[in-house]
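Here the structure comes first, spelled out in structure tokens, and everything after it is commentary.
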Amino acid sequence: MEKLKILIVEDEALIALDLKEQLQESGYSVVGTYNNGSDALKVFEAFKVDLVLLDINIKGDIDGIELAIAIRACSNIPIIFLTAMSGRAFIERAKQVLPSAYLLKPYQEASLLIAIEMALVNCSAQRTAAAPFSLRDSKNTRSDDLNLLAEDSKEVFLVQHGFAIIKPQKTFIKIDIRSILYLEADQIYTKIHTDAQTYLVRTALQSIFDKLADSDFIRTHRSFIINKAFVSSFDMDSVCICAQVLPISKANKANVLRLLS
């Protein structure tokens with residue numbers, strides 16, 4: 001398990017420091033805070049960043065949208081615009097880089113965390129045709145509205161750089177896909193069994209399987225998907241993974257035996 005790595009690009013030092021502290025207290029890893037596009041781009045290229053918090057008005061020769069274009073040219077990671085601008089002209093210009101979300105200043109911590117969750121959900125769902133999600137803080141923002149947004153953002157399974165980004169509790173985490181032993185359906189949830197521990201996520205088993213289509217995972221049963229790298233033995237009706245015997249259904253038998261043989 002790893003913490004998600006977030007890059008902050010913000011030219012106001014106090015805001016950048018506040019963002020860093022809030023994210024670290026929430027369980028995320030901040031790879032750095034930068035106030036200009038050139039330095040931020042170098043760090044982005046050097047680290048496997050999972051998400052970028054990006055102000056529009058930054059120092060240097062390029063602004064935040066131009067930096068986002070450079071990032072988007074080599075990666076489809078979630079980008080959140082952090083800005084005080086909300087005019088139509090800004091939105092039209094920002095849309096060209098397909099941001100996953102944008103957060104309007106001034107912001108509150110709850111809005112920041114929800115924007116991150118919504119960005120990851122939007123990226124996971126590949127909502128490329130939709131307008132970017134925005135969340136403006138105000139004294140009239142109702143707490144139940146924020147709770148509803150947080151509840152809706154629980155369903156996510158994002159594959160990125162060989163890792164799966166999931167949200168088993170309050171914070172998104174990364175797990176190495178190669179460490180997953182098998183997946184087990186549990187009504188509207190899926191249990192992700194790894195070599196270290198088991199995670200419970202509110203994402204359908206089929207949805208996860210679709211994102212693992214090009215890997216070593218095989219569906220053996222409507223309730224089970226296995227990582228064939230961990231199969232110690234198998235017969236016509238079951239497979240064994242780390243002493244766990246998992247069923248092979250009639251519908252999946254031919255394909256399972258073909259892929260394991």
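Remember, it's a predicted structure, so these values are computed and weren't measured experimentally.
- No continuous path of hydrophobic side-chain contacts links Ile177 to Phe224 [ILVMFWY only; heavy atoms under 4.5 Å].
- Proximity of a side-chain donor or acceptor of Asp50 to a complementary backbone N or O of Lys5 within less than 3.5 Å is detected.
- The backbone N or O of Thr203 lies less than 3.5 Å from a partner atom in the side chain of Thr190, making a donor-acceptor pair.
- Residues Gly64 and Phe81 approach most closely at O-CE2, 4.1 Å, considering heavy atoms.
- In this structure, Lys59 and Tyr34 have side chains that are not in contact, with every pair of non-hydrogen atoms separated by 4.5 Å or more.
- Note that the OG atom of Ser100 and the CD1 atom of Ile116 stand 11.5 Å from one another [nearest 0.5 Å].
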_Candidate pair Tyr28 and Leu51, rule side chain to side chain contact (heavy atoms under 4.5 Å, CB included), full reasoning_ = CA-CA 10 Å; Tyr28 296 109; Leu51 183 145; over 6 Å; no
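- With rounding to the nearest 0.5 angstrom, the CZ atom of Phe172 is 8.5 Å from the CD1 atom of Ile165.
- Asn227 contributes no side-chain N or O that, together with a main-chain N or O of Phe230, makes up a donor-acceptor pair within less than 3.5 Å.
- Note: Ser238 OG to Ile248 CD1 = 6.0 Å, rounded to the nearest 0.5 Å.
- Counting heavy-atom neighbours within 6.0 Å of Ile188 CD1, excluding the residue itself, gives a total above 12.
- Nearest approach of Asp210 to Gln206, heavy atoms of both residues: OD1-NE2, 2.7 Å.
- Among all heavy-atom pairs drawn from Lys20 and Ile8, the shortest one is N-CD1, 3.7 Å.
- Within the model, atoms CD of Glu184 and NE2 of His221 stand 10.5 Å from one another, a figure rounded to the nearest 0.5 Å.
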*Apply side chain to side chain donor-acceptor pair (under 3.5 Å) to the pair Asp39 and Asn36, showing each step before the final yes or no.*
CA-CA 6 Å; Asp39 289 344; Asn36 70 85; 3.0 Å; yes
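- The side-chain contact (heavy atoms from CB on, under 4.5 Å) test with Ile192 singles out one residue from Ile175, Leu200, Ile225, and that residue is Ile175.
- Thr171 places no side-chain N or O within 3.5 Å of a backbone atom of Gly27 that could act as its donor or acceptor partner.
- No chain of hydrophobic side-chain contacts below 4.5 Å, direct or via other Ile, Leu, Val, Met, Phe, Trp or Tyr residues, connects Phe163 to Leu7.
- The 12-atom threshold is exceeded at NZ of Lys253, counting heavy atoms of other residues, nucleotides or ligands nearer than 6.0 Å.
- Side-chain contact check for Lys228 versus Phe217: every heavy-atom pair is 4.5 Å or farther apart.
- Using a 4.5 Å heavy-atom threshold, the side chains of Leu54 and Leu67 count as touching.
- Put simply, CD1 on Ile6 and CD on Gln24 are 10.0 Å apart, with the number rounded to the nearest 0.5 Å.
- Side chain of Arg258 to backbone of Ser261: no donor-acceptor contact under 3.5 angstrom is found.
- Counting heavy-atom neighbours within 6.0 Å of Phe209 CZ, excluding the residue itself, gives a total above 12.
- At a threshold of 4.5 Å between side-chain heavy atoms, the hydrophobic network of Ile, Leu, Val, Met, Phe, Trp and Tyr places Leu17 and Leu113 in two separate groups.
- A heavy-atom distance below 4.5 Å is found between the side chains of Ser233 and Cys240.
- Of the inter-residue distances, the one linking Leu82 atom CG with Ile15 atom CD1 reads 7.0 Å to the nearest 0.5 angstrom.
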*Start with the C-alpha distance between Ile80 and Leu112, add both sets of side-chain angles, then the distance that settles side chain to side chain contact (heavy atoms under 4.5 Å, CB included), and finish with yes or no.*
CA-CA 10 Å; Ile80 297 177; Leu112 170 66; over 6 Å; no
*Passes side chain to side chain contact (heavy atoms under 4.5 Å, CB included), Glu109 versus Ser26? Steps please.*
CA-CA 10 Å; Glu109 182 177 359; Ser26 298; 3.7 Å; yes
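- Using a 4.0 Å cut-off between a side-chain N of Lys or Arg and a carboxylate O of Asp or Glu, Lys105 and Asp55 qualify as a salt bridge.
- Figure legend: Lys211 and Phe157 shown without cation-pi pairing, the cationic atom not lying both under 6.0 angstrom from the six-membered ring centre and within 45 degrees of its axis.
- Counting only distance, with no hydrogens or angles, the side chain of Ser75 and the backbone of Arg72 share no donor-acceptor pair below 3.5 Å.
- Minimum interatomic distance between Leu120 and Pro78 (heavy atoms only, all atoms of both residues): CD2-CG, 3.8 Å.
- Under the salt bridge (charged side-chain N to carboxylate O under 4.0 Å, His left out) criterion, Asp176 pairs with Arg178, not counting sequence neighbours.
- The hydrophobic cluster containing Ile226 does not contain Leu205, counting ILVMFWY residues as joined when their side-chain heavy atoms lie under 4.5 angstrom apart, directly or transitively.
- Residues Leu181 and Val239 share a single hydrophobic cluster, defined by chaining ILVMFWY side chains whose heavy atoms lie under 4.5 Å apart.
- Residues Ile173 and Lys3 have side chains not in contact (no heavy-atom distance under 4.5 Å, counting atoms from C-beta outward).
- Side-chain atoms of Gln108 never come within 3.5 Å of backbone atoms of Ala110 as a donor-acceptor pair (strictly under, hydrogens ignored).
- Closest approach of Ala101 and Ala115 over heavy atoms only: CB-O, 3.9 Å.
- A 4.5 Å side-chain heavy-atom check between Phe234 and Leu246 finds every atom pair outside the cut-off.
- A heavy-atom distance below 4.5 Å is found between the side chains of Leu19 and Leu53.
- Side-chain atoms of Thr83 never come within 3.5 Å of backbone atoms of Leu104 as a donor-acceptor pair (strictly under, hydrogens ignored).
- Put simply, the side chain of Glu66 gets close to the backbone of Asp63: a donor and an acceptor are under 3.5 Å apart.
- Within 6.0 Å of atom CG in Asp61, 12 or fewer heavy atoms from other residues, nucleotides or ligands are found, so the atom counts as exposed in its surroundings.
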*Would you please test Leu260 and Leu257 for side chain to side chain contact (heavy atoms under 4.5 Å, CB included) and show each step?*
CA-CA 5 Å; Leu260 290 179; Leu257 296 179; 5.7 Å; no
*Given side chain to side chain donor-acceptor pair (under 3.5 Å), test Ser249 with Asn252 step by step and report yes or no.*
CA-CA 5 Å; Ser249 67; Asn252 292 283; 2.7 Å; yes
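- Within the 4.5 Å cutoff, no side-chain heavy atoms of Glu10 are placed close to those of Ile58.
- Residues passing the ring pair (Phe, Tyr, Trp, His ring centres under 6.0 Å) test with Tyr182 are His193, sequence neighbours excluded.
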